[in-house]
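All of these numbers come straight from a predicted model, not from anything done at the bench.
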Amino acid sequence: MPSPDLRIVQPNDALSVQAGTNKAIAFGTTAVRAASRSFDRPNANTRKPLGQVLVEMGALSPEHLAMAVALMAREDARFGDILLANGWVRKADLYAGLAHQYGCDIADLTSQRPDVRLIDQIGAEFCIRNGIVPWKRAGAATIVICSRPDQFTELSKHFPATWGKCYLAIAPEEDIQKTLVDLRHRSLAQRAESRVAASESCRTWSQTAVMRFSLALVLLISAVFVVSSYAGFAVLVGWAVVTLILNSSLKAIAAWQFFRGRQREQTEFVSARSPQGFLKLPTVSILVPLYKEREIAGRLVKRLERLSYPRELLDICLVVEEDDSLTQHTLAQSDLPRWMRQIVVPRGVVKTKPRAMNFALDFCKGSIIGVYDAEDAPDPDQIHKIVRRFSERGPDVACLQGKLDFYNARTNWLSRCFTVEYATWWGSILPGVERMGFAIPLGGTTLFFRRAALEELGGWDAHNVTEDADLGIRLARRGYRTELIDTVTEEEANCRVWPWIKQRSRWIKGYAMTYGVHMRNPRQLRKELGWWKFAGFQILFLGALSQFLLAPILWTFWAFPLGLPHPLRGVAPNNLLLVLGTVFMAAELLTITVGVQAVSTPKHRWLRFWVPTLHFYYPLASLAAMKGFLEIMTKPFYWDKTQHGKFDHDPAAQPATSDINPLEPNPV
């Protein structure tokens, strides 16, 4: 290599590195001329195809070349990824072939580190996303290492003019990304924490302001009780009953909308929509955040291996915190396939799931970004369904939300009630909310996004502990739509009381913070959502939060049928008490009715007799709400981690890919 003090791995020996280092040579005309000779690439019109180069090297068989070419006709995958994912070529041989094809050398990033000043001029995130790193200056020219040399000409249009003429070197993408993280981990970590605009993020959350507001509210209510205990209790009862009516109405209408729509689909012929134009199967990247998951990590790999999507189009990113040696060690003991990789997130100010996903987003290869949790067991054909639905919809549908269920419902009473609650929400209420045209608060897993829309929004709010619900509202504010899709991911029900309360308190805390952030400017929110979705936002968030906190007030109405004393007995008019009691009992009966309907499926039918016991289950949510609201004032960004793998089993059968022919017709 003619440029000063650089070490190169020659194409004909991609696994060895030249010993020693070239003596330093002053930058100048001689170095540039030498670099020009070394990087004199063949003309694009005369350059041999990579497959032909590899066959001539003896690194690829003609049969595998034919299969790879056939796959490229129907898949939006890079030729090299197809070869590597199927084990048809070694990585060293692939990059040796690329170096031969483009007439350049393979750079050794371990011996000569890139110039960080050049990286900062174009941005580490740009380099990671495009698989490049500017290496060294050579006089008036710049050596740029690229893992995708076929894109080098197009990428060079974005290079700073001060770089002068740019010459190509090649290195594996993994080496480039590792080098960039090592050199610029602080700036990348900071970017992960601030991708979302400050006006839409919790990071500007003021604990002092919240404490002042909360104290003022408590003092105001206390003052009302001092003046008149009846008036104080009446105010709380009034607000609780109003929100109960709104929530119950939403539940009833949503359930009716869903079941009416399901019956219509069963009785009417519904023609399948065809994909819009010719479709190549896209690459799908799936983020799986992990933290201290010793019990679950090994089983997770087995479950994800059941996915029937082509391996060369799957990009599973296991996202692990830098200080989580437990999970890193567990994954090191696992035999990860080529299409699974570990992404280590550097330390930062906060340690949350959304921050980790923000960091990993630039490393993703796919045009569709998915999210799974550590304990998830998705349907084998789930990715195919997601890809087909995106192909049938316009770009305004930016997110698809799968349904969630539990595989350990029989563990104990708490897991049974949790399963009933999930079946009601995912199988009845949320589909009805979608049909009503409201903005959908997303779940934390089985989410799939068009990458362009996700990056436009800035990814996830790194400081929000329910980043999923917040992102659902931000999507709606930008005019995007979310659709539910009929595919199920099973996960582990949290069935221990205190861990359940901790998990639910985090959800409620995040809901409250999401509501506070989006209501900073109610007029702007109403303008962006429209009146209908704005009203739905108030019911789904403010109504739900109010019910969690004020539910104990409503439970006092059980005193009337039980003949027990009540603060309003003998004070409020009897007709009013009769109306309030009727509303309360009707809401309780509605909860039971909708719950029974939701579990009236072959899988969950046995749970119908457990639905009435939800009356003893929901008080736990009120305890969690109190914990969550206290944390808003004391530690708003604290992520109360839920430990999984305690009541787990492995529902996965053998991997679903063993008998799949990659050359069969496209199922999409």
Side-chain angles (χ1 to χ4, degrees), residues 247 250-251 254-255 258-259 262 303 371-379 382 400-434 440-447 466 468-469 472 482 484-497 499-508 510-511 540 544 547-548 590-622 624-625 642 644-649 651:
N247 281 3
L250 176 66
K251 183 185 297 184
F258 170 69
F259 286 107
R262 190 170 68 176
R303 289 165 181 163
V371 179
Y372 286 147
D373 277 343
E375 74 277 15
D376 286 355
D379 284 344
Q382 186 171 100
L400 297 178
Q401 168 74 72
K403 298 178 181 179
L404 304 181
D405 197 2
F406 295 124
Y407 47 65
N408 63 322
R410 296 181 183 271
T411 301
N412 56 25
W413 169 77
L414 192 60
S415 66
R416 293 180 177 91
C417 291
F418 208 167
T419 304
V420 173
E421 182 186 16
Y422 256 43
T424 304
W425 177 251
W426 294 104
S428 177
I429 305 303
L430 205 57
V433 168
E434 180 194 10
I440 297 178
L442 304 176
T445 182
T446 318
L447 291 168
T466 52
D468 38 22
T482 297
L484 298 180
I485 187 166
D486 190 18
T487 182
V488 177
T489 295
E490 292 188 328
E491 57 183 18
E492 180 189 354
N494 194 346
C495 48
R496 293 174 296 163
V497 173
W500 188 97
I501 290 175
K502 291 169 61 178
Q503 181 187 60
R504 189 58 59 96
S505 70
R506 172 167 57 82
W507 294 354
I508 294 172
Y511 256 58
L540 285 169
Q547 283 294 289
F548 283 129
L590 176 65
T591 297
I592 294 176
T593 301
V594 174
V596 169
Q597 287 181 331
V599 297
S600 295
T601 60
K603 180 180 179 181
H604 291 140
R605 190 173 294 134
W606 64 278
L607 286 168
R608 288 179 294 182
F609 302 103
W610 294 92
V611 174
T613 67
L614 290 176
H615 295 302
F616 305 100
Y617 168 80
Y618 285 125
L620 296 176
S622 292
T642 303
H644 297 289
K646 302 297 183 183
F647 299 92
D648 193 10
H649 74 284

Novice: Taking all non-hydrogen atoms of both residues, which atom of Phe548 and which atom of Ser622 are closest, and how far apart?
Specialist: O-OG, 2.9 Å
Novice: Side chains of Phe609 and Arg416: does their closest heavy-atom pair fall under 4.5 Å?
Specialist: no
Novice: Kindly indicate whether the side chain of Phe406, heavy atoms from C-beta on, has any atom under 4.5 Å from the side chain of Glu491.
Specialist: yes
Novice: Can you find a pair of side-chain heavy atoms, one from Val599 and one from Trp610, that are under 4.5 Å apart?
Specialist: no
Novice: Which pair of heavy atoms, one from Leu414 and one from Val497, lies closest together, and at what distance?
Specialist: CD2-N, 3.9 Å
Novice: Taking all non-hydrogen atoms of both residues, which atom of Trp426 and which atom of Leu430 are closest, and how far apart?
Specialist: CZ3-CD2, 3.4 Å
Novice: Any idea which heavy atoms bring Gly444 and Asp373 closest together, and the distance?
Specialist: O-OD1, 3.9 Å
Novice: Please answer whether the main-chain N or O of Arg605 pairs with a side-chain N or O of Ser600 as donor and acceptor at a distance below 3.5 Å.
Specialist: no
Novice: Kindly compute the distance separating CG (Leu404) from OG1 (Thr446), expressed to the nearest 0.5 Å.
Specialist: 4.5 Å
Novice: Please tell me whether Thr482 and Gln401 have a donor and an acceptor in their side chains that are separated by less than 3.5 angstrom.
Specialist: no
Novice: As an exercise, state the distance from CG of Asn412 to CZ of Arg496, rounded to the nearest 0.5 Å.
Specialist: 10.5 Å
Novice: With side-chain contact (heavy atoms from CB on, under 4.5 Å) as the test, would you mind laying out the steps for Val420 and Thr613 before giving the verdict?
Specialist: CA-CA 10 Å; Val420 173; Thr613 67; over 6 Å; no
Novice: To check you understand the geometry: which heavy-atom pair defines the closest contact between Ala409 and Ser415, and what is its length?
Specialist: O-OG, 2.8 Å
Novice: Taking the six-membered ring where the residue is Trp, are the ring centres of Tyr617 and Trp500 under 6.0 Å apart?
Specialist: yes
Novice: Below 4.5 Å, heavy atoms only, C-beta onward: do Asp468 and Thr466 meet side chain to side chain?
Specialist: yes
Novice: Distance check, rounded to the nearest 0.5 Å: Thr489 atom OG1 versus Gln382 atom CD?
Specialist: 3.5 Å
Novice: From Trp606 CH2 over to Thr419 OG1, what is the distance, rounded to the nearest 0.5 angstrom?
Specialist: 6.5 Å
Novice: Is any side-chain heavy atom of Trp413 closer than 4.5 Å to a side-chain heavy atom of Phe616?
Specialist: yes
Novice: Out of curiosity, His604 NE2 to Tyr422 OH, how far, rounded to the nearest 0.5 Å?
Specialist: 12.5 Å
Novice: Which heavy atom of Gln547 sits nearest a heavy atom of Asn247, and at what distance?
Specialist: CG-ND2, 3.1 Å
Novice: Hey, could you give me the NZ/CG distance between Lys502 and Asn494, rounded to the nearest 0.5 Å?
Specialist: 9.5 Å
Novice: I'd like to know if the side chain of Lys251 pairs up with that of Thr424 as donor and acceptor (distance under 3.5 Å, no hydrogens or angles considered).
Specialist: no
Novice: Give a yes or no on whether the backbone of Val488 and the side-chain of Asp379 come within a donor-acceptor separation of less than 3.5 Å.
Specialist: yes
